[in-house]
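Just follow the structure's listing: the first ligand is 1, and inside any ligand the first atom is 1.
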Amino acid sequence: MPAVSVSSADRVFVLTGAGVSAESGLPTFRAEDGLWAGFRVEDVCTPDAWRRDPAAVWAFYSARRAQGQSAKPNPAHLALAELEAQIPSRFFLCTQNVDDLHERAGSANLIHMHGELAKSRCEHECGSPPVEDRAVYAGLDDVPRCACGGRLRPHIVFFGEIPFEMPRIEREISLSTLMLVVGTSGNVYPAANFVHWARQAGARTVYIGPERPLNAPAFTEIVEGKAGEVMPGLFRIDN
Ligand SMILES: [Zn+2]
């Protein structure tokens, strides 16, 4: 069994991606055919799609919400929550996933760089903050409006929009001594660059996933396997 040692001096930055959600049965965007759960992403996940057909966008994300609520955290989510519990002040999780499976597994110090399914926000930049929203909308008429008159949109980073919290992510990477990249193939930017930033900062970099990532040479260690199968018991904490 491979082991990844985590010392008392280590500060851990974790990046998780679609593979981790897929192991809980949630379909994810596939770069090869441009489809996500059977939808073409340009029809449902872009600023242009929102302008053209907000009903289609909400139909898609309502379906994702319904599916997300029935999914359960898998052993990879639980292994990360367990690692965090052992080194709470030296652990930071950045996920590309929009579901809340990490939270439901017990992770606390995390950000969703591509947004959250369980939140909505005003379509305009009017200053209203995102709101908790798990509603599955039957049609556009059911979608609430903001005080400014704008329609609520999913609190999701559409393709072509800038990911959330990049300054904080960059700061956390620069402080980290160990980066774990789990279930993400290295073809979505800027996340695919994180490993390079970590290397520049002198960190060890470990990849965990079922196949070698596109950016494999950037890793000091590669653990090949499904995250839910290889992560339980993977970490050796030397305190
Ligand atoms: Zn507004």
- Note on the structure: side-chain contact (heavy atoms from CB on, under 4.5 Å) filter on Glu221, not counting sequence neighbours, yields Val4, Val206

- Message: What count do you get for protein N, O or S atoms closer to the Zn ion (ligand 1) than 2.8 Å?
- Response: 4

- Message: Using only atom types and a distance under 3.5 Å, with no angle test, would you say the side chain of Thr95 pairs donor to acceptor with the backbone of His112?
- Response: no

- Query: Between Arg64 and Phe60, is NZ or CZ placed under 6.0 angstrom from the six-membered ring centre and within 45° of the ring axis?
  - Reply: yes

- Query: Strictly under 6.0 Å, is that where the ring centroids of Trp197 and Phe194 end up?
  - Reply: yes

- If a pair satisfies salt bridge (charged side-chain N to carboxylate O under 4.0 Å, His left out) and one of its residues is in residues 102-120, list it, with sequence neighbours excluded. Asp100-Arg104, Glu116-Lys119

- Query: With sequence neighbours left out, what residues match Thr177 under side chain to side chain donor-acceptor pair (under 3.5 Å)?
  - Reply: Asp10

